[in-house]
Amino acid sequence: MTRTKRVLAGFTAAALALSLTACGDDSSEPDATDAPAPAGEDSEPAAEPAAEGGDFSLGVAFDTGGRGDGTFNDAAGRGADVVEADLGATVQELEANSNEDRQPNLEALAGAGNDLIVAVGFAFGDALGPVAEANPETWFGWIDGYFDGPNIITTAFAEHEGSFLVGAAAALKSESGTIGFIGGQEIDLIKKFEAGYIAGAMAVNPDIVVESQYLGAAGDNAAWGSPDKAKEIALAWYNAGADVVYTAAGGSGRGTIEAAVEAGEGKWAIGVDSDEYFVDTPEQQAHRLTSMLKRVDTAVIEMANAVNDGTAEGGFYPFNLANDGVGYATSGGHIDDIVDELEALKAQIISGAITVPTVPGEMAEISDTAGDGVLRLGGILPETGNLAFLGPPEFAGAELAVQEINAAGGVLGNDVEWLPGDSGDNGEVANATVDRLLAENVDGFIGAASSGVSLTVIDKITQAGKIHFSPANTSPTFTDYDDNGLYFRTAPSDVVQGAALADVMINDGATTAAFLVLNDAYGTGLLKYTKEPYEAAGGEVVYEVVYDPQAENFDAEVAATVDADPDAIVIIGFDETTKILTGLIEAGMGPDTKMVYGTDGNMGNALAAAFDDPTVVAGMKGTLPGVDVGGELPDFRDRLLGVDPDLTDFSYSAETYDAIVVTALAAIAAGSDDGIAVGAEINDVTRGGEKCTSFTECADLLAAGTDIDYDGVSGPLEFIDAGEPSEASILILEFDADGALQVIGSVNGKV
């Protein structure tokens with residue numbers, strides 16, 4: 001679930017200082033032992049002037065190896081390719097064949113008039129400063145170094161964090177208990193790779209044996225291009241019993257994969273910087289366990305974008321796990337069985353629960369404050385705002401689940417604590433609630449109902465190492481959101497609801513339709529996934545508008561709908577639906593004359609109650625993800641009414657109940673209330689084990705050491721890896737002649 005994030009603009013001085021600390025010693029200016037000798041002046045290469053008329057020009061000064069090294073330089077080259085394509089940029093590239101080439105290359109690229117020149121590698125330390133000072137109108141970017149200059153953007157990567165994860169992968173996949181690390185030059189930068197790798201391996205297997213060797217001393221550039229030497233070392237380790245070797249030595253790593261192939265089945269190599277699976281032969285791919293990704297391409301793209309749009313600032317910028325600057329590859333599927341464990345470790349690093357060392361031999365610091373034996377869940381559900389009609393059934397579902405769990409003995413020997421809070425209908429209310437609940441040490445959050453509101457708090461929650469579990473978010477945005485493996489939902493994606501609504505419209509004979517849609521992630525997502533299948537089935541959209549739900553009136557939208565004269569009118573909105581519907585009724589296009597449809601954001605009894613005469617909504621249809629609690633689950637309905645006798649709507653009550661039961665079962669499976677540990681178990685308690693349908697039944701199976709598959713009141717769940725149900729029920733609703741909402745059918749969908 002990765003995303004490219006803009007990370008260059010808007011750094012404060014405080015954040016900058018923090019970043020320097022977080023990235024370890026190698027974020028400081030390289031010393032003489034890490035940098036080459038001063039460049040000569042007699043080998044200046046030729047560089048053609050930047051093309052006239054271009055909006056942006058990028059120069060790339062590659063280190064030795066250049067394009068084709070399969071790792072570091074290639075990653076920078078991929079970034080340059082994206083800049084060329086996305087910005088229409090002119091790109092010029094020069095490669096250093098020796099220490100003496102670096103400064104002349106930079107000078108040539110500056111003389112050609114490039115807007116940004118990126119120096120790829122720490123070894124540009126002596127060359128960059130003089131050239132940048134002599135060309136103050138040119139921006140310079142430096143990968144893996146630090147130089148304080150007003151026109152220099154310098155970056156460093158948390159290689160130790162990414163290496164921690166591949167070290168954990170190596171230890172988890174090792175059958176022999178012995179793994180290896182091969183470094184290029186023995187310098188502080190490469191020692192960060194070694195330190196993280198060893199610490200990650202030790203974190204998951206304290207008894208693991210890690211062999212370690214470097215190919216050269218500081219300044220020995222041959223260390224980056226000695227595949228034969230790397231192969232000799234790796235093959236000796238493989239033959240002695242090691243089964244995984246990680247190489248951080250540029251092009252030398254090609255020798256390690258050759259050794260793994262020669263050593264045979266069960267021998268693995270880990271690549272570095274780029275996903276080396278894609279430069280391997282098919283035979284080598286069978287031995288490529290993973291690669292530690294150092295996203296130099298992302299850094300090049302971000303620097304170019306910042307210079308191009310005028311937001312660039314000189315200074316130091318970190319790329320780490322939190323902003324996808326480093327990571328690990330899953331190509332080939334060789335680590336698919338341990339991804340959940342790796343994602344849990346990743347989330348702990350991001351949250352600060354694990355501090356990865358930068359010095360080989362030091363162990364990771366793992367916080368002992370994570371988890372205190374009491375599972376605390378906080379609510380961010382709509383007590384107020386335009387989805388307040390969903391609040392009562394969701395709160396009732398939550399309170400019922402907590403009551404029944406605690407009556408059955410609780411979790412980890414203690415009662416589950418429920419701390420309710422309001423989401424409102426904007427980020428301000430939700431963020432205040434989240435801040436309060438974080439201070440109260442909750443392990444997970446239940447809510448919000450609104451997808452748009454959840455998007456305002458998801459990063460704060462998941463980056464704190466807490467579970468974010470919504471019973472009602474349906475926006476497809478969440479399926480591949482970068483959530484550190486900590487966002488879940490019991491409601492299905494609108495991919496399912498949209499298809500169901502389109503089917504209803506087509507079956508009702510609606511050949512033309514108008515869509516009036518609120519402007520947020522929920523509205524625009526559901527529009528897309530309703531409109532596409534509707535048009536594919538032969539329907540024609542004659543008018544659509546994405547409106548501001550805070551507008552004083554919707555006269556223009558209503559007038560345009562009247563002019564379009566569709567068979568059907570679809571309103572995807574919240575409580576502003578009342579205003580829109582009032583306008584349509586006054587214009588003679590209400591549910592008595594047109595096919596009018598709503599969705600889960602407005603299909604509640606509260607809509608009819610907002611009118612003096614509720615019968616004006618009679619005949620309006622809509623869809624709602626969920627099950628017919630009122631009609632088909634009488635026992636569950638009665639239990640809900642025991643919590644809140646005034647309930648009239650049951651929307652998302654079952655989904656809220658299941659969110660809490662699933663979280664509680666995952667805590668039992670994890671043996672911890674820590675959010676990260678619990679999150680790593682959530683998907684698995686909904687799939688693949690012995691079927692059980694209540695907390696008590698499932699908890700007993702877990703106590704007996706049995707893998708479980710919880711089927712909830714909201715459905716079979718069967719979560720996919722993205723943390724959402726693969727199967728779901730969509731109800732078809734209609735307001736009857738009295739304006740009361742009735743379930744008239746349902747459809748089941750699968751993702």
Side-chain angles (χ1 to χ4, degrees), residues 347 351 353 367-383 391-423 429-449 454 457 460-462 464-472 486-490 639-640 642-644 652-682 685 694-696 698-699 702-703 710 712-713:
S351 72
S367 171
D368 58 5
T369 61
D372 60 5
V374 177
L375 180 63
R376 293 183 185 86
L377 300 176
I380 38 174
L381 297 171
E383 295 176 357
E394 290 179 335
F395 278 110
E399 290 166 13
L400 177 63
V402 172
Q403 286 179 12
E404 293 185 349
I405 291 168
N406 290 342
V411 172
L412 307 175
N414 294 297
D415 282 352
V416 173
E417 293 185 5
W418 169 241
L419 291 75
D422 185 19
S423 65
V429 173
N431 272 277
T433 298
V434 169
D435 289 342
R436 171 176 63 82
L437 293 172
L438 285 172
E440 296 185 54
N441 197 31
V442 299
D443 303 301
F445 292 81
I446 306 299
S454 282
V457 296
K460 179 181 292 185
I461 292 171
T462 59
K466 308 297 184 180
I467 293 164
H468 186 180
F469 207 143
S470 173
L486 290 171
Y487 174 86
F488 305 89
R489 56 179 169 183
T490 39
R639 285 150 54 201
L640 288 170
V643 173
D644 184 353
Y652 296 115
S653 57
E655 287 77 9
T656 308
Y657 177 92
D658 281 342
I660 289 183
V661 170
V662 167
T663 304
L665 293 171
I668 295 173
S672 171
D673 64 288
D674 171 60
I676 294 168
V678 175
E681 300 291 339
I682 283 179
V685 300
S694 71
F695 172 79
T696 300
C698 293
L702 287 171
Y710 172 67
V713 289

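Quick note: numbers below take in every heavy atom, side chains included, and nothing from hydrogens, waters or symmetry partners.
Looking at every heavy atom in both residues, Leu381 comes nearest to Gly447 through CD2-CA, 3.8 Å. The minimum heavy-atom distance linking Ala448 with Ser454 is given by the pair N-OG, 3.1 Å. Pro471 approaches Thr490 most closely through the heavy-atom pair CA-OG1, 3.4 Å. Contact between Leu486 and Gly679 at its shortest, heavy atoms only, is CD2-CA, 4.2 Å. For Ala666 against Ile682, the heavy-atom pair with the smallest separation is CB-CG1, 3.6 Å. Residues Ala669 and Val685 come closest through the heavy atom pair CB-CG1, 4.2 Å.
Pairs of residues two or more places apart, or lying in two chains, that qualify as salt bridge (charged side-chain N to carboxylate O under 4.0 Å, His left out) and include a residue from residues 393-407 are Glu404-Arg639.
Under the salt bridge (charged side-chain N to carboxylate O under 4.0 Å, His left out) criterion, Asp644 pairs with no residue, sequence neighbours left out. Here Tyr657 pairs with Phe636 under the ring-ring contact (aromatic ring centres under 6.0 Å, His included) rule; sequence neighbours left out. Qualifying side chain to side chain donor-acceptor pair (under 3.5 Å) partners for Ser470, counting only residues two or more places apart in sequence or in other chains: Asn473. Here Tyr652 pairs with nothing under the ring-ring contact (aromatic ring centres under 6.0 Å, His included) rule; sequence neighbours left out. With sequence neighbours excluded, no residue satisfies side chain to side chain donor-acceptor pair (under 3.5 Å) with Gln403. With sequence neighbours excluded, the residues forming a side chain to side chain contact (heavy atoms under 4.5 Å, CB included) with Pro393 are Leu647, Ser653, listed by chain and number. For Asn406, the side chain to side chain donor-acceptor pair (under 3.5 Å) test picks out no residue, with sequence neighbours left out. In this structure, the side chain to side chain donor-acceptor pair (under 3.5 Å) partners of Asp658, at least two apart in sequence or on a different chain, are Tyr710, Ser714.
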CA sep, side-chain torsions, deciding dist, call: Phe445, Ile467, side chain to side chain contact (heavy atoms under 4.5 Å, CB included) = CA-CA 6 Å; Phe445 292 81; Ile467 293 164; over 6 Å; no
Trace of the side chain to side chain contact (heavy atoms under 4.5 Å, CB included) decision for Val442 with Leu377 = CA-CA 5 Å; Val442 299; Leu377 300 176; over 6 Å; no
request  = Mind running side chain to side chain contact (heavy atoms under 4.5 Å, CB included) on Leu665 and Phe695 for me, showing each step along the way?
outcome  = CA-CA 7 Å; Leu665 293 171; Phe695 172 79; 3.6 Å; yes
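Interatomic distance, Glu440 CD to Asp435 CG, rounded to the nearest 0.5 Å: 11.5 Å. With rounding to the nearest 0.5 Å, the separation of CG in Leu400 from CD1 in Ile660 is 9.5 Å. For the atom pair CG of Asp372 and CG of Asp674, the computed distance is 10.0 Å after rounding to the nearest 0.5 Å. Between Leu437 atom CG and Ile446 atom CD1 the span is 11.0 Å, to the nearest 0.5 Å.
Between the side chain of Lys466 and the backbone N or O of Leu438, no donor-acceptor pair lies under 3.5 Å. With Thr433 contributing its side chain and Gly421 its backbone, the two residues share no donor-acceptor pair below 3.5 Å.
Aromatic pair His468/Tyr487: centroids less than 6.0 angstrom apart.
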Could you give the side-chain donor-acceptor pairs of residues 408-419 under 3.5 Å, partners two or more places apart or in another chain?
unit_1: Asn414; atom_1: ND2; unit_2: Gly373; atom_2: O; d: 2.9
unit_1: Glu417; atom_1: OE1; unit_2: Arg376; atom_2: NE; d: 3.1

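Each of Thr663, Asn441, Asp443 was scored for a side-chain contact (heavy atoms from CB on, under 4.5 Å) with Asp673, with one residue passing: Asp443.
Under the 30°/60° scheme for interplanar angles, the aromatic rings of Phe469 and Phe488 are found to be tilted.
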